[in-house]
Amino acid sequence: LPPVYNRNQNADKKLLDFIIYMRYFLDDISFIEFIDDIYNLLSELETTISKTAYDDVRGKMGIKNKEHLLLLKTISKTINFLSFS
């Protein structure tokens with residue numbers, strides 16, 4: 001994800017953290033469906049409420065841009081526990 005998601009810049013992103021954590025608990029297909037569902041729900045919400053209200057909701061979810069959700073579908077599930085870099 002873009003640097004704008006660094007923890008020190010955005011302390012209010014608990015839902016986004018949950019979405020990323022789910023990557024390690026779901027298989028690839030289920031995770032992609034999960035991301036697609038969230039993306040589609042945000043798209044529907046965007047057309048339903050005012051732009052200001054939508055931006056507020058999206059921001060409080062910790063998502064700077066809903067297109068960034070699509071990037072999450074490409075993240076690796078590999079965890080390198082021995083890396084300290």
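All values below were derived from every heavy atom in this structure, side-chain atoms included, with hydrogens, water molecules and symmetry-related copies excluded.
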Spatial distance of atom CG (D37) from atom CG (L69) [nearest 0.5 Å]: 11.5 Å

Same apolar cluster: F34 and I32, side chain cutoff 4.5 Å: no

Set of salt bridge (Lys or Arg N to Asp or Glu O under 4.0 Å) partners for D56, sequence neighbours left out: K60

From Y39 atom OH to L72 atom CG, the distance as rounded to the nearest 0.5 Å: 12.5 Å

Spatial distance of atom CD1 (I19) from atom CG (L26) [nearest 0.5 Å]: 11.5 Å

Same apolar cluster: M61 and L41, side chain cutoff 4.5 Å: no

CD on E67 to CG on L42, rounded to 0.5 Å: 10.5 Å

Close side-chain approach of E33 and D36, heavy atoms under 4.5 Å: no

V57-L15 co-clustered via ILVMFWY side chain contacts under 4.5 Å: yes

CD1-CG distance between I38 and L45, expressed to the nearest 0.5 angstrom: 13.0 Å

Inter- and intrachain pairs under salt bridge (Lys or Arg N to Asp or Glu O under 4.0 Å), touching residues 21-31, at least two apart: R23-D28

Other residues, nucleotides, ligands: >12 heavy atoms within 6.0 Å of E44 CD: no

Pairwise distance NE2(H68) to CZ(R58) - rounded to 0.5 angstrom: 9.5 Å

Y54 to K66 - nearest heavy-atom pair and separation: OH-CD, 3.6 Å

